[in-house]
Amino acid sequence: MPTHPPTSSDEYLFGWDATPGIVSVWADREGRALVWRRSGDQVRCERARFRPWLFAASLDDLAHLGPRLAAAETPAAAHALITYRELEGPPDSYRFLLEASSGRALERALLFGAHQRLGRSIASLYDLDDYYRVGAVEQYLMQSGRVYFRAMAYTELHRMQIDFETTALDPQRGRIFMAAVRDTQGLALTLDAPSPADEAALIADLCALVRSRDPDVIENHNLFGFDLPFLEARAARLGVQLNLGRAPGPRLLERYSDMPASYYSGRRRERFTVAGRELIDTMDAVRRHDFVARDLPSHRLKDVARVFGIASPERVYLAGAEVYATYRQNPALVRHYALDDVAEVDGLSRQLLGAPFALAGMAPRRYERVSSAGPAMGILEPMLVRAYLRAGAALPRQQQQRGLPPHSGGALYLFATGVAEQVVKADIASLYPSLMRLYQIGPACDRLGALLQIVERLTDLRLQHKDAVRAAPPGSALAHTHHALQAAMKLIINSAYGYMGAGEMALFADRNAADEVTRRGREVLDHVVAALRARGMALIEGDTDGVYFAAPRGWAEAQERALVAEVAATLPAGIRLEYEGRYRAMLSHEVKNYALLTYDGQLIVRGVALRSSRAEPFGVRFLHEALRCTMAGDTLGLRAAYERIAAAIRTRELPAAELATRVRISKPPEAYLAARSAHKEAAYEALLAAGRTTWQPGERVRCYKAQDGGYVWLPDEREEAIREEAGDDEAEGFDDILQLDDQPPLPAAAADDRRDYDVEHYLQVLVTSYAGRVRKAFAPEDFAQLFRPGLQLGLFDQPIDQIEPHWIRCAE
DNA sequence: AACGGACGGGG
DNA sequence: GTGTACGTCCGTT
């Protein structure tokens, strides 16, 4: 592979080969690649060759090859098994690029040599940090400079959504009874298997449908976590082959583990892959979206679809446990439901996969990998490796940096607790990348300066795409494309700093550089804080790149904005302080724990201290009211809210469900019974008291403390009413019997009628767990008076309407 | 307060 | 084997 003179930063970003329309790549370690390219409705597969390669720190492990190892581009290279290229770089780097016509032969030779050198057998090259290697597809893409989707729009992709309805969550206990299939070319149908005998045919039909519709992409929500593992298990049990691959590649769906066990003993995610088609799990996209936006109540398909406004008004909702029972009564309804599911997945894909699509046009990885990868190790690092490979430069090798002090973080200040009005939030846009740019802080080991060039070029391009979004017709495909591109670029830009601070597994990590960025960041925030203080603002809290402060009462928004602009003007060029928003009031409790009241009356609560993890419904209701009253300075209202809820508890007006807490239990029955005498826990006691002797760890238990000191279980009717059906449908030949497991029947009294809770206990909880969240807003004696049971004033009390919260205000 | 383990999500 | 790492919350010391 020839090396190239200085590469342009556009090559760093986009590769260099102009081949358009690549929708999938499959490669093996023997240097064979299949490249599927789309042009309109046509997909053609081209065969390509590449020379398998990897980076090595030395040639020691290849000495045993003798003349079968030769320097590239020498006469001896013609007869060599493995060729090497010595790269420009420091001695402790990956200074050799090894190439062979067979990647497997290359690895075998290295493993043999390492075995001899170390005197122990080596399972995998990944166990040796003497080598840096990527997968075959990545080798091909990095070497060729190709990327996916060149000159393609997202709408040109042929996508198919597949969703299974099953009789249970566990493929050992249940089976597939329906598949809903939809594609971007207008298909929408369900395949049914009303009887267990039909399941094998359903699976085979589905595979045939995939092959005939021939999509580039297969999508679903939790595809890797549920549908594919379930499908695989059922197909194996029924002896059906999963022929989902695209000709002329291998046909079968393949499973692999997300990472080698030797590197990480934690949870390994199962993944699947198939030749010629990209498998996309929209849940990955949802996670990535929520990581930035933090606006999702959950990651469930139905919840997310509602938030994004893609749930149709006629959408059918069924509780998971009821789907199969419903199907037997009303199959049409379940077909409707399942088709709604795949329609929502399509909607989610259109909304969320644009950015990964754009990233796949930059990073040398498969679209399906890019869409689930983290931006740093998953995107940025492959781009850097491609740049070094292209330039013929040695990759840096992380020296073990043991015993370093932990990497220092951003500034974090709590200036005041209490209640503020006229609150302004100002923050510095893209602080860390801006600092990297401004002060040219990149990893010292990045001799090409590629990371900084990538950040700089991306920052410029991103602004261009943001402009292009504004210039394009709103809602148009063009606007969408530019939006996706700028979002993708933002993701990479923001990951650059984190990448430098990443541990030793990041090739280009540089703790000192990361520390330098945070140090400069603290400097900038300190400057902003000082400038605000000098202008008489009342500071509340500051965190890394943003600050909350109270402006003088009665200021108009324009005045606030002018002040922020004035402070912004004192910062170095390239560092932009922005006016982010204003709030009617703020309750400052602890750092990162506060409540905000917007000018249109919305309550925003941030931080764990202001959320109760156990969250008894009555407490949450009260807390929200208490926060509103406190922020309004309405102590009478606060006292009234407290008295109202305390009275409702005392008179048992509240149903027990309002006082119940919901916990997830973790111990199996034996474990709890063993520990029980030492330490009783409410949830288990409640189950035992209800006569239950078995339960599953992970079950959610809703329970409350009763007047008699015991605990009472409140089953969730919906979750418990229908238990999963028994699994052995093949042996029995039918599966139409709903089996309740060996639980006793539910108590006859409906749960919401129960009132036998421990009044004193819950009055205590009300004060300590919930009223306590506004404690910081009051002087101790005022707080004690506000939440004292009974109505009589104490000797030294002042009238409640004269109690004031602790105000955070500008000096007059 | 610090640490380790489990969950999410899917029917 | 088509490949390198999740945050967050909960329960326990």
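Per chain, numbering begins at 1; letters A, B, ... match sequence-line order.
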inquiry  = Quick check: closest heavy atoms across A/Tyr388 and A/Cys445, and the distance to 0.1 Å?
reply    = OH-O, 3.9 Å

Sugar-phosphate, base or nothing in reach of A/Asp163, heavy atoms under 4.0 Å = sugar-phosphate

query = Short question: side chain of A/Asp227, backbone of A/Asp163 - any donor-acceptor pair under 3.5 Å?
reply = no

request  = Determine the Euclidean distance between corresponding P atoms of B/dG11 and C/dC6; express it in Å to zero decimal places.
outcome  = 24 Å

task = May I ask you to say what A/Arg32 touches in the nucleic acid, namely base, sugar-phosphate or nothing, with a heavy-atom cut-off under 4.0 Å?
result = nothing

query = Which part of the nucleic acid does A/Leu301 contact within heavy-atom distance under 4.0 Å: base, sugar-phosphate only, or nothing?
reply = sugar-phosphate

ask   = Would you say C/dG1 has OP1 or OP2 under 4.0 Å from some side-chain N or O of A/Arg104?
value = no

ask   = On the ring face of A/Phe177, is A/Arg175 found with NZ or CZ under 6.0 Å from the centre and within 45° of the axis?
value = no

query = For A/Phe164, which contact category applies under a 4.0 Å heavy-atom criterion: base, sugar-phosphate, or nothing?
reply = sugar-phosphate

inquiry  = Cation-pi check for A/Tyr317 against A/Arg300: NZ or CZ below 6.0 Å from the six-membered ring centre and within 45 degrees of the axis, yes or no?
reply    = no

Presence of salt bridge, A/Arg315 and A/Glu344, under 4.0 angstrom = yes

message = Would the distance check show the side chain of A/Arg365 and the main-chain N or O of A/Leu141 forming a donor-acceptor pair, the cut-off being under 3.5 Å?
response = no

task = Could you check whether A/Asp341 gets within reach of a base, just the sugar-phosphate, or nothing at all, counting any heavy atom under 4.0 Å?
result = sugar-phosphate

key: Spacing of A/Glu322 atom CD relative to B/dG11 atom P, expressed in whole Å   = 13 Å

query = Looking at A/Arg288, does any N or O in its side chain come under 4.0 Å of the phosphate oxygens OP1/OP2 on C/dG7?
reply = no

task = For A/Arg366, answer base if it contacts any base atom (sugar-phosphate contacts may also be present), sugar-phosphate if it contacts only those atoms, and nothing otherwise; contact means non-hydrogen atoms under 4.0 Å.
result = nothing

Under-4.0 Å salt bridge between A/Glu138 and A/Arg369 = no

Euclidean distance for C1', B/dG10 against C/dA5 (whole angstrom) = 24 Å

message = At 4.0 Å (heavy atoms only), tell me whether A/Glu381 reaches a base, stays on the sugar-phosphate, or touches nothing.
response = nothing

request  = Looking at every strand, decide which applies to A/Val137 at a 4.0 Å heavy-atom threshold: base, sugar-phosphate, or nothing.
outcome  = base

request  = Starting from Watson-Crick (N1-N3 plus N6-O4 or O6-N4) and G-U wobble pairs under 3.5 Å, report the runs of at least three that DNA chain B belongs to.
outcome  = B:1-8 with C:6-13

